[in-house]
Amino acid sequence: MIVTTKTLFEHAYGKYAVGAYNINNAEQAMGLFQGSIDSQSPFIIQISKGARSYTDKRMLEAILRACDEIFPEAVFAVHLDHGDEKTAHDCIDSGFYSSVMIDASHDPFDENIAITRRVVDHAHSKGVSVEAELGMLGGVEEDIAVDEKNALLTDPNEAREFIERSGADSLACAIGTSHGAYKFSGGQGLHFERIEAIQKAIPGVPLVMHGSSSVPQDEVARINAAGGKLKEGAKGVDENQYLPAAKLGVCKVNIDTDGRLVWTRVHREFFQSKPEDFDLRSPGKVFMAEYAKFIASRSLLLGSAGQLESVRELAKSK
Ligand code: G3H
Ligand code: 13P
Ligand code: ZN
């Protein structure tokens, strides 16, 4: 059952976070749906610009419509991840997306507001909600001095003005995370005092955490033991911090890299142990089962496990 992102946020706000997972193919979709059902959790499917062009944007839409039939119990929203303005308008017009992200955070403040406002006006006229981004998410790396790091985090006063002027429904904030598998080699983690200040500045506005993969070190070690060459020792977000962040209004936790690590580990180990095999379905089956297990484990950490029935009731009452 496809629901609005707004409904998922209304149900989760201040209590738990909804996992938002990127998908590119049928195997990822099957694992995601199965793991969400196993953990009785609602979820958000994210489609990036790259995912839309990997096969064809119609392919992903067809896969998701099929999954909706294969897993009639599932409750989920469909979201454009890191959209530019053109893609955001295209997704709004498609009628398939519950929400879109317009990522204009690299533009100056006023320009970010103007671009976001245009997308918001179009989206709201079609019942679609909008996630915008404020702050330098990828820039908060360990080589930067603490003062500089704090300056790159989302400023609470700017967040208030941004939401008022742009009309965005939710806000992706720079709160100490960055994208990819090489996040922190030092002790850096989430800046809870900043999340709290942002929540106070824009109470009730769902906050979004990008770059939320935990980059499990045992996963990296297994990949490397099976022939991979990933940098070891770079930590992701402490998965035990998802729930404390959720209590401060972080409703959406974006996880992509960790899923890619599951895929890489499964395929490397599979072909290393079965070098004579060439049936793509054999590792594909293992991946779907392993990804489902991973998703169920995230639902528990996010606090979204067990919320399915109650979200469905809320969605039906709309
Ligand atoms: O934050 C971006 C997501 O990990 C999507 O990555 O643009 O390579 O599909 P992608
Ligand atoms: P990770 O790849 O670091 O998990 O980030 C995902 C993300 O933010 C998608 O928008
Ligand atoms: Zn992101």
Side-chain angles (χ1 to χ4, degrees), residues 5 17-25 27-29 31-32 43-57 59-60 63-64 77-84 86-88 91 97-106 130-142 152 154 168 170-185 188-190 206-217 219-220 223 230-231 234-239 241-242 245 250-265 291 294-295 297-298 301-302:
T5 308
V18 183
Y21 306 97
N22 294 71
I23 70 149
N24 296 273
N25 64 16
E27 288 81 359
Q28 278 182 309
L32 172 52
F43 59 103
I44 296 172
I45 286 181
Q46 307 212 107
I47 301 178
S48 71
K49 220 178 139 185
R52 278 161 61 87
S53 60
Y54 169 53
T55 49
D56 187 292
K57 61 187 181 186
M59 184 67 83
L60 285 179
I63 287 171
L64 294 180
V78 181
H79 176 80
L80 167 68
D81 188 30
H82 290 284
D84 54 26
K86 185 172 175 296
T87 312
C91 290
Y97 288 72
S98 319
S99 51
V100 294
M101 177 188 187
I102 172 67
D103 182 356
S105 58
H106 291 278
V130 177
E131 172 185 326
E133 180 172 321
L134 184 64
M136 294 293 281
L137 228 152
V140 189
E141 300 295 343
E142 68 268 8
L152 294 169
T154 300
S170 60
L171 191 64
C173 303
I175 47 178
T177 61
S178 61
H179 289 100
Y182 306 131
K183 299 183 198 295
F184 327 119
S185 50
Q188 201 192 326
L190 295 188
L207 307 179
V208 179
M209 187 159 92
H210 281 250
S212 311
S213 283
S214 61
V215 191
Q217 290 307 290
E219 198 75 305
V220 173
I223 289 169
L230 299 184
K231 191 167 104 185
K235 289 203 196 88
V237 175
D238 177 348
E239 61 233 13
Q241 296 192 334
Y242 293 154
V250 174
C251 286
K252 177 168 173 276
V253 167
N254 289 9
I255 298 174
D256 185 17
T257 294
D258 282 350
R260 295 181 184 202
L261 294 178
V262 174
W263 187 93
T264 306
R265 184 250 303 164
Y291 194 45
F294 168 77
I295 294 294
S297 75
R298 299 301 104 165
L301 292 161
L302 294 163

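Excluded from the calculations below are hydrogen atoms, water molecules and symmetry mates; all remaining heavy atoms, backbone and side chain alike, are included. Nothing fancy with the numbering, it's 1 onward along the sequence. Each ligand, and each atom within it, is numbered from 1 in the order the structure gives.
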If you have a sec, work out which protein heavy atom is nearest [atom] and how many Å separate them, to one decimal?
| atom | answer |
| --- | --- |
| atom 8 (O) of ligand 2 | Gly211 N, 2.8 Å |
| atom 3 (O) of ligand 2 | Lys183 NZ, 2.5 Å |
| atom 2 (O) of ligand 2 | Thr257 OG1, 2.6 Å |
| atom 4 (O) of ligand 2 | Ser213 OG, 2.5 Å |

Closest to the Zn ion (ligand 3), which N/O/S atom of His210 is it?
->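 It is ND1 of His210.
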Side-chain heavy atoms of [X] within contact of [Y], under 4.5 Å:
| X | Y | result |
| --- | --- | --- |
| Arg298 | Ser214 | yes |
| Leu190 | Val250 | no |
| Asp81 | His210 | yes |
| Asn25 | Thr55 | no |
| Thr154 | Ile175 | no |

Any chance you could measure [X], atom [atom1], to [Y], atom [atom2], to the nearest 0.5 Å?
| X | Y | atom1 | atom2 | answer |
| --- | --- | --- | --- | --- |
| Tyr97 | Gln46 | OH | CD | 11.0 Å |
| Gln28 | Asn22 | CD | CG | 8.0 Å |
| Cys91 | Arg52 | SG | CZ | 3.5 Å |

Part of [X] with heavy atoms under 4.0 Å of ligand 2, whether side chain, backbone, both or neither:
| X | value |
| --- | --- |
| Asp81 | side chain |
| Gln46 | side chain |
| Asp258 | neither |

Please answer whether the main-chain N or O of Ser213 pairs with a side-chain N or O of Asp258 as donor and acceptor at a distance below 3.5 Å.
->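 Here the side-chain-to-backbone pair does not exist.
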Go through the steps for Ile47 and Leu64 under the test side chain to side chain contact (heavy atoms under 4.5 Å, CB included), then give the verdict.
-> CA-CA 11 Å; Ile47 301 178; Leu64 294 180; 3.9 Å; yes
Number the atoms of ligand 2 from 1 as they appear, then name those within less than 4.0 Å of a heavy atom of [X], with their elements.
| X | value |
| --- | --- |
| His210 | 8 (O), 10 (O) |
| His82 | 10 (O) |
| Asn22 | 9 (C) |

Verify side chain to side chain contact (heavy atoms under 4.5 Å, CB included) between Val18 and Lys252, making sure each step is shown before the conclusion.
-> CA-CA 5 Å; Val18 183; Lys252 177 168 173 276; 5.6 Å; no
Is His179 close to ligand 2, meaning an N/O of one under 3.5 Å from an N/O of the other?
->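 N/O-N/O distance below 3.5 Å exists for this pair.
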Is Ile255 in polar range of ligand 2, meaning some N or O pair under 3.5 Å apart?
->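 No, since none of the N or O atoms of Ile255 sits under 3.5 Å from an N or O of ligand 2.
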Identify, chain by chain and in numerical order, each protein residue with a heavy atom under 4.0 Å from an atom of ligand 1.
->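 Residue list for ligand 1: Asn22, Ser48, Asp81, His82, His179, Asp256, Arg260.
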Walk me through it: do His79 and Ser99 pass the test side chain to side chain donor-acceptor pair (under 3.5 Å)?
-> CA-CA 5 Å; His79 176 80; Ser99 51; 2.8 Å; yes
